[in-house]
Each structure stands twice: as structure tokens, then as C-alpha cells.
Novice: 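Dropping a structure here in C-alpha cells format, bear with me for questions.
Read the numbers this way: they start at 1 and go in the same order the structure lists the ligands and their atoms. Treat the numbers as computed from the prediction; the structure is a model and nothing was measured. Note that the numbering runs from 1 along the sequence shown for the chain.
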Amino acid sequence: MLLQKRLVLKISKTLISQEEIENKISEIAEIINSKYKEEELVVIGILKGAFIVVSDLAKQLQIDVTFDFMSIKSYYGSESSGQIKIIKDLEYDISNKNILIVEDIYDTGLTLSSLKKLLESRNPKSIEIFSMFVKKGVSKDPIEIDYSGFEIGPEFVVGYGLDYNGKYRELPYLAVLS
Ligand code: IMP
Ligand code: MG
């Protein structure tokens with residue numbers, strides 16, 4: 001039944017396999033484990049898309065870490081910088097904390113650059129960004145991504161947290177719709 005529904009909605013091809021994703025998460029977790037070996041870290045997942053990457057990463061962290069989540073909506077106006085509205089704010093005070101923002105995908109960069117400015121104003125000790133997927137060449141508001149999982153083309157992708165009208169987030173791989 002589920003399979004039929006998916007076929008109707010046409011997943012055309014797997015772009016990045018489950019195995020490739022698992023290997024990449026391990027690789028990045030290892031870097032984060034070594035970087036924050038002696039420092040406390042607050043991982044901030046951006047809902048909803050980042051819920052899968054945060055949980056996969058979490059299981060491989062061996063450091064002093066806490067998790068918090070934010071839900072934001074981006075508005076793209078005619079101006080070059082995006083506006084974000086907080087739907088759900090953090091629970092913790094991040095002042096003087098090392099934070100790692102975890103996002104599903106970096107597309108135009110507007111969401112992450114506005115979010116970074118917002119969180120910087122709360123005076124954390126440090127901010128790093130991990131985006132699981134980065135769309136090549138479409139960035140309008142480039143900011144530094146400290147850890148990027150995979151660079152992909154401009155096509156619309158789903159799976160591993162990413163949705164199309166709320167669907168497909170549960171796929172354990174990244175796929176292209178046609
Ligand atoms: P941007 O970097 O501000 O353009 O926005 C990034 C957000 O747009 C991500 O957090 C996703 O929610 C969404 N997004 C961008 N590209 C895709 C895609 O290919 N599939 C699904 N969601 C996407
Ligand atoms: Mg998102």
C-alpha cells in the first residue's frame with residue numbers, strides 16, 4: 001500500500017544511498033567528537049527537516065552534549081536578506097555555550113544566515129553549522145558551513161528528513177522526485 005502510494009508520487013532515483021549517508025554521519029561525528037572532546041556542546045536541530053540527521057548523529061557522539069530544537073519559518077521577500085519567524089524557540093539559554101546548528105539542507109542560505117545572526121545575538125561562546133546536504137551554486141547568502149555532508153545539484157530532493165508537501169521525510173536515503 002505504502003509502496004504503491006510512493007510509486008504514484010514518483011520517486012525517480014536514489015541520489016545518495018543509506019550506506020553513503022551512514023558513512024558520512026560517522027565521519028562527521030568523529031570530527032565533532034575530537035573537536036569537542038574537552039568542551040561542552042549544545043546541538044541545535046532545526047525542525048522539522050533535521051530530526052533524522054540529529055538523531056543519527058546523536059548516537060555516535062561521545063562528548064558532553066545536550067540537544068535542543070528550534071522550528072523556524074523563512075520568508076523570501078524582494079530584499080536580499082531573509083526574514084525568519086520563530087515557531088518554536090530553544091528551551092536553553094545558549095549564552096557562553098558552544099553551539100552546533102544542525103540543518104537538513106542549505107539551499108539559498110537565507111534561513112541559515114538569518115538564524116546564525118539571531119543566535120549570535122544571544123552571545124554563545126562559539127557557533128558552528130552542520131548541513132547534511134548543500135546545494136551547489138545556488139547560494140544567495142553565503143555563510144560558512146563548517147561541516148557539510150554532501151554537495152548536490154539544484155534539483156528538488158526528498159528523504160532523510162526532507163519533504164515534499166510533508167511527505168517522504170522517513171526515507172533512509174536521498175531521492176529525486178520526477
Ligand atoms: P534556504 O537555504 O533558506 O533556501 O532554505 C533551506 C530550506 O528549504 C531547508 O531547510 C528545506 O526545508 C527547504 N529546502 C530547500 N531545498 C529543498 C529540497 O530540495 N527538498 C526539500 N526541502 C528543501
Ligand atoms: Mg528546513
Novice: In Å, rounded to the nearest 0.5 Å, how long is the span from CG of L57 to NZ of K59?
Specialist: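 These two atoms lie 10.5 Å from each other.
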Novice: Purely on distance, is any nitrogen or oxygen of F156 under 3.5 Å from one on ligand 1?
Specialist: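 No, there is no polar N/O contact under 3.5 Å.
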Novice: Where do I72 and I86 come nearest, in terms of heavy atoms and distance?
Specialist: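 Smallest heavy-atom distance, with atoms named: CG2-CA, 4.3 Å.
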Novice: Looking only at heavy atoms, is any part of D107 under 4.0 Å from ligand 1, and if so is it the side chain, the backbone, or both, or is it neither?
Specialist: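 Looking at D107 and ligand 1, atoms from backbone and side chain both fall under 4.0 Å.
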Novice: Ring of F150, cation from K24 - is the NZ or CZ under 6.0 Å from the centre and inside 45° of the axis?
Specialist: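 K24 over F150 ring: yes.
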Novice: Going by atom types only, do S95 and N123 share a side-chain donor-acceptor pair under 3.5 Å?
Specialist: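 No.
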Novice: Is G49 near ligand 1, meaning one of its heavy atoms is under 4.0 Å from it?
Specialist: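 G49 does not count as a contact of ligand 1 under the 4.0 Å cut-off.
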Novice: For K97 and D68: C-alpha separation, side-chain torsions, deciding distance, then whether salt bridge (Lys or Arg N to Asp or Glu O under 4.0 Å) applies.
Specialist: CA-CA 12 Å; K97 304 280 187 191; D68 207 343; over 6 Å; no
Novice: Given F133, which partner from the list L15, I16, D107 fulfils the side-chain contact (heavy atoms from CB on, under 4.5 Å) test?
Specialist: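 The side-chain contact (heavy atoms from CB on, under 4.5 Å) with F133 is passed solely by I16 among L15, I16, D107.
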Novice: Could a heavy atom of I105 be found less than 4.0 Å from some atom of ligand 1?
Specialist: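 I105: in contact with ligand 1 (<4.0 Å).
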Novice: Contact between ligand 1 and V157 is defined here as a heavy atom of the residue under 4.0 Å from a ligand atom; is it met?
Specialist: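 V157: in contact with ligand 1 (<4.0 Å).
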Novice: Please determine whether any non-hydrogen atom of D163 lies less than 4.0 Å from an atom of ligand 1.
Specialist: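 Judged by the 4.0 Å heavy-atom criterion, D163 does count as contacting ligand 1.
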Novice: List every atom of ligand 1 that sits less than 4.0 Å from any heavy atom of K135, numbering the atoms from 1 in the order shown and giving each element.
Specialist: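 Answer for ligand 1: 16 (N), 17 (C), 18 (C), 19 (O).
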Novice: Hey, which atoms in ligand 1 end up nearer than 4.0 Å to a heavy atom of E103?
Specialist: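 The atoms of ligand 1 under 4.0 Å from a heavy atom of E103 are 10 (O).
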